[in-house]
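Okay, structure first, notes after.
A note on names: the letters A, B, ... follow the listed sequences, proteins ahead of strands, and every chain is numbered from 1.
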Amino acid sequence: MDPTNRRPVYENSSNMVDPSGNFNPNQLYSQFDSGNLCFDSRMKQPLLEFPASFDNPTIQRIESAPFVNNQAMNWDPRAMLTNLSFLEQKIHQLQDLIRSIITDEAQFSVQPNELAAQQQLVTADLTCIIIQLISTAGTLLPSVKNTIVANSPPIQQLASIIGSTSSSGSNGASHQNKDFSSEGQTNKEYEDMLRDLSENGIEGIDPIQVEDQEVKDSEDGGADGENLPPGSYEVLQLEKEEILAPHTHFCSICGKGFKRDANLRMHMRGHGDEYKTPAALAKPTKEASSEPVLVKRYSCPFIGCKRNKEHKKFHPLKTILCVKNHYKRTHCDKRYTCSRCNTKKFSVIADLKTHEKHCGRDKWLCSCGTTFSRKDKLFGHVALFQGHTPALPSEETKVKEINKVEGVSTKSVEHQDVLDIKALDNDREYFSPMNFDSFNFGGLDEFPRTAFDPSESSFLFLPPGSCGFDQKNGEN
Amino acid sequence: MGEIGGAPFETLVLDLFSKRRDRLPCPSLRSPKRIRVEEEPSPFETLAEEILFLILDRLDANPLDRKAFSLVSRSFHAAESRHRRALRPLRAELLPAALARYPAVSRLDLSLCRRVGDAALGCVAAALRSTLRSIDLSRSRSFSPAGLESLAVSCAALVEIDLSNATGLTDAAAAAIGKARNLERLWLARCMRVTDMGIGCIAVGCPKLRLLCLKWCLGVTDLGVGLVAVKCRMLQSLDLSYTAITKKSLAALSQLHDLEDLAVVGCPSMSDEALSSLKQGFKSLEVLDVSSCDRVSHVGLSSILNSAPGLRQLRLAYHSFVTPSISSGLQRLSTLQSINLDCSHVTTNGLKSIGSCCTSLKELSLSKCSGVTDEGLSFITSKNKGLVKLDITCCREITDVGIATMTSSCTSLTSLRMESCSLVTSLGLRLIGQRCHLLEEVDLTDNDLDDEGLKSISGCHKLSSLKAGICLKISDEGLVHIGNSCPELQELDLYRSVGVTDKGVTEIARGCPLLQMINLAYCTEMTDESLRALSKCSSLKTLEIRGCPRISSAGLSAIAVGCRQIAKLDIKKCHDIDDAGMLPLARFSQNLRQINLSFCSVTDVGLLALVSVSCLQNMTILHLKGVTPNGLAAALLACGGLTKVKLHSSFKSLISKPLLQHIEARGCSFQWISKPFQVQLETNEVWKQQLQDVVVR
């Protein structure tokens, strides 16, 4: 089994938690897989029967109470066998990997971070095996089965983290570990997780937590604005890496990633005629089931965030896109800086583009220095705060000109006795600099504009065309 | 102090006046005075300044009186300088000197100065730093935001600025005004480039604003008005006519508890829906103007009227239809005193319902309304017997019946305007004078008025304004009655009343010494005799003798010498008036501001003499055969205060362009007329015939 082929597969959680209660082996299988996030393409084939699974990279689910209890003893020995043979394969794989490490060590001097990466890989695979083993065993214990993976957060966390790292780790193995130097130090965490896993996992369940979650749901009243009653929707939570992953859809054959499932389907056509059938090209529809599908809401993985399900006043997010944008906006660095104003920063590139559309234009300025993109916002601000006033651009120029006026006024008093025309000439002399009107409202003009209105000046005695400031001075 | 020395000083004042009056006609005023001062060293010098101030307080508005006062002695001159509070200079160039002489001026009216630069404003700001309270720049140009700012910053006492018609004014200027913290009254009519930003600066900067006029400020929207409503809580009067405001502004304004006067004339988005959406009304509103709002019907009107219980004055001009439904809004307005329905379509029932709702009306204007019948007018006037002012101009359906009932109910009318009520006969018009003895202002232009009617009107002893133009039946006989019994007459319009001759005018001039305005245009019988008689009316300010071909320079000279206050003169088509008439005008009529010289025989000489009148602002010079381009150019150049000149377009190419541009730059605008010279003058009969044809059609 080639580790480079491994990549995360995102499963629709509705398959994992089947409200109808038909717990068939495929579902079970998929459940494990999504928990581990590492399996190969061959093993995955049966999963393609659930085409709707691409949209929901779900690792965790919170089940509402009604669904916890049933899941009777319909244990399928064949499924168990499949699982066990999968485990066997997995162990062989791991053996090969470790063997190769040993030989590598003998032949080349291995760099420390490369080694760390390999260790990580091994750790991840081991975790995977352990979890599957537990799950397989869990199918034999009906009362435990549903909670063992779902409701023990340490396991989930571990599984998700490991799953994602192992997937990138497998890429790293072929591409000379790009990212691993940074993630090396998390090994310790994994060990802790493993310890947790062994404790919780072996003990199996933490029923108190389940209750906790239920209580919380009922207390919070669920989603904002929609009035979804608590428990009427399921809360899904993506992990950080998945949220930040550039692609959410992957080709099961060549592994290429896509942002949209439609693009993936277009891509799949290249892999053979079976992908060109109208059925394969059609948009995957929700599986027709007699039971109503549970509404899905999302939780932000950031602990303490209001959008995190642990928060007391939890407000779920509606779609995956909401999750992505929320996480980037709230919990990530603002990496994109507006090239025009060099001050505004954004973490979502679409926000930057929206901003750039009217950056620099329509700048509504308050005397306190705050700028607004909209006039009504500025006026609301001014109305609210005492002493604030709408500010026009180029305040400094105005002050300068005032000083000029004061100089002029004294001069003109001295010259009051001169003849009419002469006085006008003097006026002009004094005034022409002032007629450089730099008060263009709104600052739309980049350059100061001469607002010398010919009809307003007495100078037009001079030949036409002398309205230009320089020329006038010259003629004097 | 007033009690102690009251009586003797009073006599002294009278004495002073009588002396002044005696001396006034004498052209050489100065020499005898100097001698007098030398002979009697201190009869006036001993007077305390307080006493001089008391005297000055009692002087009337006539500028010549003040001038004469200040020429008495040095101390009088100084007292007058310190006493003067209001100044209306003719030229901005003279401002520094004028302000140096009058340091206590608080009201500065620059409406005569076309070109007021920043230097002038800076000078005002420096000279009147603590005293200036009011400045009028409504006719001025050439100043910039910087000048306004120097004014607003330096003059802390400034409470009133009129910046109307400053179409070039920008937000920067508005921001400068916003620095006048104590501003209470501000007019920005037609400042079309001012936007919400500028208004916002004013609203924040001038929290004491009580009056704000934003008429025609097309850049102002709800945002600016909303901010004004938030920041200027003391606002009492607001004019938002012809702006783009919507109901949002109204909602914001309804928060103002002192708002008394609101005008939303011609606001395109004022509709029934906008007015109906006002839940909280204008409790303090007293005057409302919703003229020319096409989309406002009785529905919106009644909702806004219900919300304004204290309304006293309502203007609804150009309202589409006045029907009984209007009464639903008016019913609760028992306090309504004035209603204006100009140019609306009125139904008889509509008028009746108004009459039954409003019984305390003092003023009613139905000018140019269609559909005003005898029945409607009779009903509304019988319900409002206290009516003081009535305007039924061009209500062409009214007959003698309506006039009869109206005059019998409204005996306390002081003002009646009924131009062109063509169905009313001379019999009906006689009733007016017989029944309404308190009339002060009567407009009977283009009616069937005859001498009997005039005789009855002469019973109104307080008559101050009589317009009897185009009344072809009146003659000297009627005017004799007016002249004999209306000593307070100030305005007389006899335009094209061709039956009037010198005799009538002489009687008027003799009996009405207070006459200020007389229009004798196209009274072709007039001769110099009339003007000689009128020259006795020393307060005559406006004289129109257009188209009186028998008047010559001699008559005009008499006017020039006798009526020193003459300010407006129309001598168009008086062919006999030539340079000889201009010379005395130039010598004596130092208050002349407007003159129409077209078709006279004046030449370059007369024109050049005339322009030495420093007040001259407005001239119409068409078809003067004796005027050459050079003479005209010299005249234009010599007259520095010109603001408006009408010239024949043929001169446009003959006068050098730079010269015209220079004169324009001084604040003068030219109007070029290209009408050809009319050789044959139309007679009054022809004109009247033409007029009737138009009416019939």
>> Need one label for Asp222(B): side chain, backbone, both or neither, based on atoms under 4.5 Å from any heavy atom in chain A.
In response: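 For Asp222(B), no heavy atom lies under 4.5 Å from chain A.
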> Leu223(B) versus chain A, heavy atoms under 4.5 Å apart: side chain, backbone, both or neither?
Replying inline: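 Both backbone and side chain of Leu223(B) come within 4.5 Å of chain A.
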>> For Pro390(A) versus Cys201(B), what's the shortest heavy-atom pair and its separation?
In response: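 Looks like O-SG, 3.1 Å.
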> Of all heavy-atom pairs between Leu392(A) and Ala175(B), which one has the smallest distance, and what is that distance?
Replying inline: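 Heavy-atom minimum between the residues: CD1-CB, 3.6 Å.
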> Donor-acceptor pair, Lys231(B) side chain versus Val382(A) backbone, under 3.5 Å?
Replying inline: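 It does hold such a pair.
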> In terms of heavy-atom pairs under 4.5 Å, which option from Asp196(B), Leu95(B), Leu660(B), Val124(B) contacts chain A the most?
Replying inline: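 That would be Asp196(B).
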Do other residues, nucleotides or ligands put more than 12 heavy atoms under 6.0 Å from [X] [atom1]?
X         : atom1 : result
Arg335(A) : CZ    : no
Lys344(A) : NZ    : no
Asn342(A) : CG    : yes
Arg139(B) : CZ    : no

> What distance do Thr389(A) atom OG1 and Met197(B) atom CE have between them, rounded to the nearest 0.5 Å?
Replying inline: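 So the OG1 of Thr389(A) and the CE of Met197(B) are separated by 8.0 Å.
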